[in-house]
Amino acid sequence: MTNMAILISGRGTNMEALAGKCKSGELNANVAFVASDKADALGLNKAKVMNFKTLVLPYDRGRAIAEAALDEELSKHSVDWIVLAGFMRILSSQFVARHSERVVNIHPSLLPAFPGTQAIKDAYEYGVKVTGVTVHLVDEMVDHGPILNQAEVRILDEDSLESLEAKIHEVEHDIYWRTLKDLFAGRYLRRGRRMIIEGSR
């Protein structure tokens with residue numbers, strides 16, 4: 001069974017969705033711990049209710065110290081994959097190199113369009129008719145690593161920013177666990193930047 005650590009910064013809705021799939025057996029993985037850069041992150045309370053070990057990363061003492069604390073926990077719990085689920089910190093290139101191709105992220109746009117922390121708002125205000133969700137490996141650049149999976153979300157004329165956010169989150173909660181299921185099973189093959197699922201054409 002795959003051992004994963006989940007990193008959050010806020011409400012932890014993606015973490016909660018992934019945990020539910022682990023509990024149901026649809027995702028063959030164990031949540032080793034849930035870590036956040038914020039002590040008041042609502043997702044930490046959800047994780048505690050689900051009896052997960054939780055950790056607050058000491059970013060107030062600097063990124064190097066916070067990542068050292070994270071490294072210690074990853075080693076202690078023999079973590080296979082680091083799953084970013086609304087984690088709003090940029091990991092250092094040194095950290096990413098230490099955990100090369102073992103860090104995965106979900107982003108609320110169709111990358112490479114609308115990278116950054118305001119992707120949903122940026123897409124809505126730009127006026128695009130289609131946006132979506134991207135699951136990708138993390139590399140040394142922001143919202144840049146090889147793309148594992150994407151799903152489209154149409155922006156309707158009657159959509160508000162709030163309704164678009166709700167649609168995006170609904171898609172996130174479905175695509176993330178399905179992508180991780182294939183990833184953890186070793187089904188992805190890498191061809192340059194392209195990530196191909198074994199057996200697909």
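What you see is a predicted model, and the numbers here were worked out from it, not measured in a lab.
The structure places OG1 of T13 at 9.5 Å from CD1 of I8, a figure rounded to the nearest 0.5 Å. The structure places NZ of K76 at 12.5 Å from CG of D71, a figure rounded to the nearest 0.5 Å. Interatomic distance, D174 CG to R178 CZ, rounded to the nearest 0.5 Å: 4.5 Å. Interatomic distance, OG of S160 versus CD of E165, reported as 8.0 Å (0.5 Å rounding). The CG atom of L164 sits 12.5 Å away from atom CZ of R154, with the distance rounded to the nearest 0.5 Å. Between atom CE of residue M4 and atom NE2 of residue H77 there is a gap of 14.5 Å, rounded to the nearest 0.5 Å.
Under the 4.5 Å side-chain criterion, counting only non-hydrogen atoms from C-beta, K181 is not in contact with N28. When side chains are defined from C-beta on, S36 does not count as touching V56, because their heavy atoms never get closer than 4.5 Å. At least one side-chain heavy atom of F87 sits less than 4.5 Å from a side-chain heavy atom of L57. Under the 4.5 Å side-chain criterion, counting only non-hydrogen atoms from C-beta, L137 is in contact with M195. Residues V133 and I106 are in side-chain contact: their nearest non-hydrogen atoms beyond the backbone lie under 4.5 Å apart. Under the 4.5 Å side-chain criterion, counting only non-hydrogen atoms from C-beta, L180 is in contact with V83.
The minimum heavy-atom distance between A85 and I6, with the atom names listed, is CB-CG2, 3.9 Å. Annotation for I155 and Y124: closest pair CG2-CD1, 4.4 Å, computed over non-hydrogen atoms. Summarising the geometry of V135 relative to I175, their closest heavy-atom pair is CG2-CG2, 4.2 Å, with the distance given to 0.1 Å. Of all heavy-atom pairs spanning V104 and Y176, the tightest one is O-OH, 3.3 Å. Minimum heavy-atom separation, C22 to V31: SG-CG2, 4.3 Å. The two residues P108 and I168 come nearest to each other via the heavy atoms CB-CG2, 3.7 Å.
Of the possible donor and acceptor atoms, none in the side chain of T134 sits under 3.5 Å from a partner among the backbone N and O of Q150. Side-chain N or O atoms of S9 include one that pairs as donor or acceptor with a backbone N or O of M88 at under 3.5 Å. Of the possible polar contacts, none joining the E152 side chain to the V130 backbone as a donor-acceptor pair under 3.5 Å is found.
No more than 12 heavy atoms of other residues, nucleotides or ligands lie within 6.0 Å of CD in E170, so this atom counts as exposed by the packing criterion. By the neighbour-count criterion of 12 heavy atoms within 6.0 Å, atom CZ of R11 is sparsely surrounded, having that number or fewer from other residues, nucleotides or ligands. Open room surrounds CZ on R61; 12 or fewer heavy atoms of other groups in view lie less than 6.0 Å from it.
Relative ring orientation between H169 and H173 is described as parallel, the plane-to-plane angle staying below 30° on a 0-90° scale split at 30° and 60°. Relative orientation of the H136 and H107 rings is perpendicular, given thresholds of 30° and 60° on the angle between their planes. Using a 30° and 60° split on the angle between ring planes, Y126 and F114 fall in the perpendicular class, above 60°.
V171 is connected to L27 through a chain of hydrophobic side-chain contacts under 4.5 Å among Ile, Leu, Val, Met, Phe, Trp and Tyr, so both are in one cluster. One hydrophobic cluster, built from ILVMFWY side chains closer than 4.5 Å, cannot hold both L55 and M15; they sit in different ones.
No side-chain N or O of D80 forms a donor-acceptor pair with one of T2 less than 3.5 Å apart.
Using a 4.0 Å cut-off between charged side-chain N and carboxylate O, K167 and D159 make a salt bridge. A salt bridge does not link D60 with K38: every distance from a Lys NZ or Arg NE/NH1/NH2 to an Asp or Glu carboxylate oxygen is 4.0 Å or more.
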